[in-house]
Chemist: 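Can you read through this structure? Questions will come right after.
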Amino acid sequence: MKAVCPGSFDPITLGHLSIFERAAACFDELTVLVTANPHKNTGLFTVPERMDLIRRSVAHLPNVTVDTWAGLLVDYTSAHGVGVLVKGLRSSLDFDYELPMAQMNRRLTGVETFFLLTDEKYGYVSSTLCKEVARFGGDISGLMPPHVVSAVREKYQQ
Ligand code: PNS
């Protein structure tokens, strides 16, 4: 069965990577889909940069591919024969955010959303928080893959 893990991934964290690894073990094929979030207009990284950082992070996972989509998520899943969306849940805040999207997506095309509970090591990790810490010179090593940590530092040095 094919699954898609959608998100902004600006940029990928070790929490995201942990979800990709666990989802890749559950499904035949997993696509990490960098999608546009209409509520987050600007990003630190361009979409091609985010995709490149993800590709380098999932190189050890043979059934994982990376793609992008700027329209409705369900149009992508329908066009590619994908029956399952996978999301990570860190807390009840994520649940409250994800529940209506999962229900709307299921209403639109019947696509199911599977939730994986985030590894407790990464329960507090988000791209937004890591960027804020890095912007003020804080240490984000151990929260993102090493090449992503370097890329974030470079962005803020520019
Ligand atoms: O990582 P994010 O920003 O929380 O991901 C949210 C995302 C991109 C998955 C969501 O905004 C989305 O699905 N965008 C695609 C457009 C869409 O289908 N919107 C309707 C969702 S019910």
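Just the heavy atoms: all of them, side chains too, but no hydrogens, waters or symmetry mates, feed the values below. Both counts, for ligands and for their atoms, begin at 1 and track the order of listing. Only a predicted model underlies this, so the values are computations on that prediction, with no experimental measurement involved.
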Chemist: List every atom of ligand 1 that sits less than 4.0 Å from any heavy atom of Gly7, numbering the atoms from 1 in the order shown and giving each element.
Modeler: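 Those of ligand 1 that fall under 4.0 Å from Gly7 are 1 (O), 5 (O).
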Chemist: With a heavy-atom distance limit of 4.0 Å, tell me whether Val74 approaches ligand 1 through its side chain, its backbone, both, or neither.
Modeler: neither
Chemist: Pick whichever of Thr35, Asn105, Thr77 has a heavy atom sitting closest to atom 22 (S) of ligand 1.
Modeler: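 Nearest heavy atom to atom 22 (S) of ligand 1 lies in Asn105.
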Chemist: Taking a cutoff of less than 4.0 Å between a non-hydrogen atom of the residue and any ligand atom, is Gly71 in contact with ligand 1?
Modeler: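 Under 4.0 Å: yes for Gly71.
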Chemist: At their closest point, which heavy atom of Tyr124 faces which heavy atom of Leu129, and how far apart are they?
Modeler: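 Heavy-atom minimum between the residues: O-CD2, 3.6 Å.
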Chemist: Taking 4.0 angstrom as the limit, do Asp94 and Lys87 come out as a salt bridge?
Modeler: no
Chemist: Identify the two heavy atoms, one from Tyr76 and one from Val4, that lie closest to each other, and give their separation to 0.1 Å.
Modeler: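 Closest approach of Tyr76 to Val4, heavy atoms only: CE2-CG2, 3.9 Å.
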Chemist: Count the heavy atoms belonging to other residues, nucleotides or ligands that lie under 6.0 Å from CZ of Arg106, then report whether that count exceeds 12.
Modeler: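 Check fails, neighbour count at 12 or below.
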Chemist: Report, as yes or no, whether the 6.0 Å neighbourhood of atom CE on Met101 holds more than 12 heavy atoms from other residues, nucleotides or ligands.
Modeler: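 More than 12 within 6.0 Å, yes.
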Chemist: Considering only heavy atoms, does Tyr97 approach ligand 1 within less than 4.0 Å through its side chain, its backbone, both, or neither?
Modeler: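 Contact part for Tyr97 vs ligand 1: side chain (C-beta onward).
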Chemist: Got an N/O contact under 3.5 Å between Ser8 and ligand 1?
Modeler: yes
